Structures are given as structure tokens and as C-alpha cells.
Amino acid sequence: MLKLPDNSKIFLTGGTGFLGRTLLDELLATHNDKVEIHILCRDPDAFKARYPSYANQPTLRFLKGDILHELEPECNYSHVIHAAADTHAASINPVSWIKQIAFGTENILEFAVQAKAKRFLFLSSGAIYGPQPQTLSKIPEDFSGAPSTTSINSIYGQAKRLAEQICTSKNHSGQIETVIARCFAFGGKHVPLDGPYAFGNFIRDALWRDKIVVQGDGSATRSYLAGEDMARWLLTMMLIGRAGEAYNVGSDQPVTMFELAGKMRDLLAPNKEVVVENRSGSNTHRSVYLPSIEKAGELGLRPEITLSEMIHKTAIGLKNMHAKNNA
């Protein structure tokens with residue numbers, strides 16, 4: 001993979017989440033002490049207490065703050081990665097959620113300009129495309145669809161669209177080069193195990209529950225890129241992605257939720273039952289969410305880790321973390 005120049009200094013928001021910790025793991029593994037990373041988070045002490053493996057890393061510095069509050073750079077940065085945003089905000093006011101995503105992006109962009117950063121990577125989402133039409137096998141970056149403005153479930157996708165537009169405007173101004181990464185679905189040891197993510201829920205069930213439960217009828221179709229691949233893709237896009245452009249980040253290999261649950265069972269818990277909650281569902285309007293990754297391929301990117309390998313690596317990582325937490 002491409003590497004950052006020695007002595008690069010990165011400012012990272014969202015470093016305490018699933019994607020952020022996966023990025024930190026990749027940077028620590030591949031750049032050793034040659035890149036300094038400053039991580040903005042609301043409560044650094046709480047994060048370091050929960051994840052002590054990051055606490056004593058000499059190249060990591062944790063800064064207390066929030067993306068919606070004014071930030072004054074203490075130094076210059078070569079790169080800024082903006083990954084902070086709630087992806088499912090059931091407990092937050094919808095308008096506040098929009099402000100967090102859109103205005104938070106604007107605030108971090110202004111910070112990046114003040115810090116004289118050369119490149120700004122914004123982690124957006126495939127949710128900006130809205131529902132995938134049945135006539136479209138994979139969503140390319142130039143797909144003109146969008147979430148409905150009259151659906152309360154569209155807030156995340158619409159806010160990310162607005163944040164992307166803010167990035168585009170800042171790039172057009174010539175003040176900083178921005179690259180947009182539209183993230184789809186991923187697997188890895190940092191994936192939440194009790195959230196709205198099927199991969200995390202299935203692997204939790206396979207390792208620690210009596211049965212593997214599939215919500216819906218199991219026909220929903222997704223694809224999963226390994227966290228390690230995801231991190232390499234994002235860093236490559238930050239370094240050589242075309243300024244002002246957006247790239248899908250994900251796998252283009254489809255798997256239904258029933259197939260995914262079955263694969264988890266076969267690989268991790270052969271004696272467990274896979275239970276489909278709604279067997280009366282119909283495939284006529286099944287949910288499909290698959291990216292085209294041809295544009296990422298232009299940067300030399302492709303999935304390196306298979307789904308089976310991803311499941312094995314995730315299970316090992318989760319078991320190790322579980323053992324450490326219960327030691």
C-alpha cells in the first residue's frame with residue numbers, strides 16, 4: 001500500500017469509533033513512529049480507559065473537543081480525516097443530527113484550512129444514494145438517486161449529502177483539496193456487536209448466543225469489505241484520490257443476510273441454529289445495497305481479504321479482546 005511521507009501529521013475526528021479505530025490500527029501497524037496522529041474526542045480519558053492499547057502509543061495524542069465547537073489548531077497538519085458522526089441517532093433530535101453532520105464538517109474544514117492541511121478526507125456514506133433501484137445491480141458514484149426529503153429515515157443520507165456539498169465548495173475555493181469516501185458495509189474486530197449491523201450481530205450470536213437470529217426474511221443483500229482493506233483504501237484515497245471527487249468504499253460481492261448468517265454458523269458454530277424471524281417476507285422488493293468499485297480500482301484498489309477470512313479474523317480479534325477484558 002501507499003504510505004504517508006515520514007513526519008506527516010494527521011488530525012483525525014471519529015478516531016474512537018469503529019472506522020476510526022480500524023484506521024488507527026492500520027496506521028500504527030504500517031507507519032510505526034514515522035507519522036504523528038492527533039485524535040479529537042469528547043472524553044480522551046474515558047476512551048483510553050476503555051481501550052488501553054491506544055493509551056501509551058507515543059505517536060498518538062488525544063485532544064479533548066467536539067466537532068461543533070470552535071477549534072484552534074495548535075500546530076499545522078499535513079492531512080485531516082473527518083470520520084466523526086453518529087450513524088444511527090435514535091436518541092438525538094433529528095435537526096441536531098443534521099447540524100452535527102453538516103455543520104460539524106464545515107467546522108472541521110475551516111480548522112483544516114487554518115492548520116494549513118494539504119488534503120482533507122471526508123468519510124461519507126452510501127446512504128447518500130437513497131434506495132438502490134431494482135434495475136441497478138451496483139451503484140456507481142455518478143448515480144443521481146437520492147434519499148426522499150419526506151422520510152424521517154432519510155436524515156443521515158441527506159445530511160451526508162449536504163456535508164459532501166460543503167466539501168465540494170471548499171475544494172472549489174482552492175483553499176484545500178478534499179476527497180470524499182462513500183462508505184458501505186464492513187467487517188472487523190471493532191464492529192459494534194449490539195447495534196443495527198448484521199455482521200456484528202451475527203458474529204456475536206455465533207460466538208456467545210444460543211442461536212443466530214436473522215431479522216426480516218433474510219433476503220436483504222449487502223456486501224462486506226474487511227476493516228483492514230477499508231483502512232488501506234481510505235489512506236490511498238487520502239493520498240492519491242482526485243481532489244473534488246467521491247469514491248465508493250466497499251465490496252462488490254453480494255451476500256444475502258441468510259447466506260451471511262449461514263456462513264457465520266458454518267465457520268464458527270456448526271451446531272447452532274439459524275433462525276429467520278420473518279419467513280413470510282417476499283423477495284419482490286428485497287433490499288439491495290451494493291457499490292460499484294470500478295472507480296476505486298482506478299487507484300489500484302480491490303478487496304484483498306475474502307468474506308470467510310474476514311469472519312475468521314474478526315472472530316479471533318473479538319475473542320482476544322473479550323479475554324483481555326475478562327482477565
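Bear in mind the structure is a predicted one, so any value in this text is a computation, not a measurement.
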Residue pair L19 / L123, side-chain heavy-atom distance below 4.5 Å = yes
What pairs with R302 under side chain to side chain contact (heavy atoms under 4.5 Å, CB included), at least two apart in sequence or on another chain?
-> E304
Check: S154 side chain, S148 main-chain N or O, donor-acceptor pair, under 3.5 Å | yes
Give a yes or no on whether the backbone of S137 and the side-chain of Q132 come within a donor-acceptor separation of less than 3.5 Å.
-> yes
Heavy-atom side-chain proximity of M310 to L307 below 4.5 angstrom = yes
Hey, can you tell me if Y51 and Y54 have their rings parallel, tilted or perpendicular (30° and 60° cut-offs)?
-> perpendicular
L301 versus V249: any side-chain heavy-atom pair under 4.5 Å?
-> no
Can a salt bridge be assigned to the pair K263 and D266 using a cut-off of 4.0 Å between side-chain N and carboxylate O?
-> no
Show your reasoning for whether side chain to side chain contact (heavy atoms under 4.5 Å, CB included) applies to L225 and I293.
-> CA-CA 11 Å; L225 186 70; I293 56 174; over 6 Å; no
Closest non-hydrogen contact found for A198 with Y224 is CB-OH, 4.0 Å
Sequence neighbours left out, cut at 3.5 Å: what donor-acceptor pairs do the side chains of residues 204-216 make with other protein atoms?
unit_1	atom_1	unit_2	atom_2	d
R204	NH1	L193	O	2.8
R204	NH1	D194	OD1	3.0
D205	OD2	V213	N	3.1

Rounded distance [0.5 Å steps], CG in N7 versus CD in E36 = 9.5 Å
Residues E106, K170: salt bridge by 4.0 Å N-O rule = no
What's the verdict on side-chain hydrogen bond (donor to acceptor under 3.5 Å, both in side chains) for S308 and T306, showing C-alpha distance, side-chain angles and the deciding distance?
-> CA-CA 5 Å; S308 295; T306 68; 5.0 Å; no
Got a second to check how far I240's CD1 is from L235's CG, nearest 0.5 Å?
-> 11.5 Å
Nearest heavy-atom neighbours spanning G227 and T22 = O-CG2, 3.2 Å
For K116 and C75, indicate whether the former's side chain and the latter's backbone hold a donor-acceptor pair under 3.5 Å.
-> no
Decide yes or no on side chain to side chain contact (heavy atoms under 4.5 Å, CB included) for L239 and H79, but give the supporting numbers first.
-> CA-CA 9 Å; L239 289 170; H79 303 82; 3.9 Å; yes
Check: F111 ring centre within less than 6.0 Å of F11 ring centre = yes
Please tell me if the side chains of I37 and L23 come closer than 4.5 Å, counting only heavy atoms from C-beta onward.
-> no
State, to 0.1 Å, how close F120 and A112 come at their nearest heavy-atom pair, and which atoms those are.
-> CD1-CB, 3.8 Å
For the residue pair H82 and T105, confirm or rule out a side-chain donor-acceptor distance under 3.5 Å.
-> yes
Heavy-atom check, side chain of Q165 versus side chain of T168, under 4.5 Å = yes
E309 atom CD: more than 12 heavy-atom contacts under 6.0 Å | yes
Check for a donor-acceptor pair, side chain of S8 on one end and backbone N or O of S78 on the other, with a separation under 3.5 Å.
-> no
Distance from I10 atom CD1 to L24 atom CG, nearest 0.5 Å?
-> 9.0 Å
Is there side-chain contact between M230 and F184, with heavy atoms separated by less than 4.5 Å?
-> no
Shortest non-hydrogen contact from W97 to D86?
-> NE1-O, 2.9 Å
What is the minimum heavy-atom distance between L40 and T13, and which atoms define it?
-> CD2-CG2, 4.2 Å
Whether S223 side chain and S251 backbone form a donor-acceptor pair below 3.5 Å = yes
Return yes if some donor-acceptor pair links the side-chain N/O of R21 with the main-chain N/O of T16 below 3.5 Å, else return no.
-> yes
Would you find more than 12 non-hydrogen atoms of other residues, nucleotides or ligands less than 6.0 Å from K295 atom NZ?
-> yes
Is the backbone of E141 close enough, under 3.5 Å, to the side chain of R182 for a donor and an acceptor to pair up by distance?
-> yes
Check for a donor-acceptor pair, side chain of N248 on one end and backbone N or O of I139 on the other, with a separation under 3.5 Å.
-> yes
Are the side chain of Y247 and the backbone of R242 linked by a donor-acceptor contact shorter than 3.5 Å?
-> yes
side-chain contact (heavy atoms from CB on, under 4.5 Å) with L260: of V255, I203, T221, V274, only one passes, and it is V255
For the side chain of Q114 and the backbone of P73, is there at least one donor-acceptor N/O pair under 3.5 Å apart?
-> no
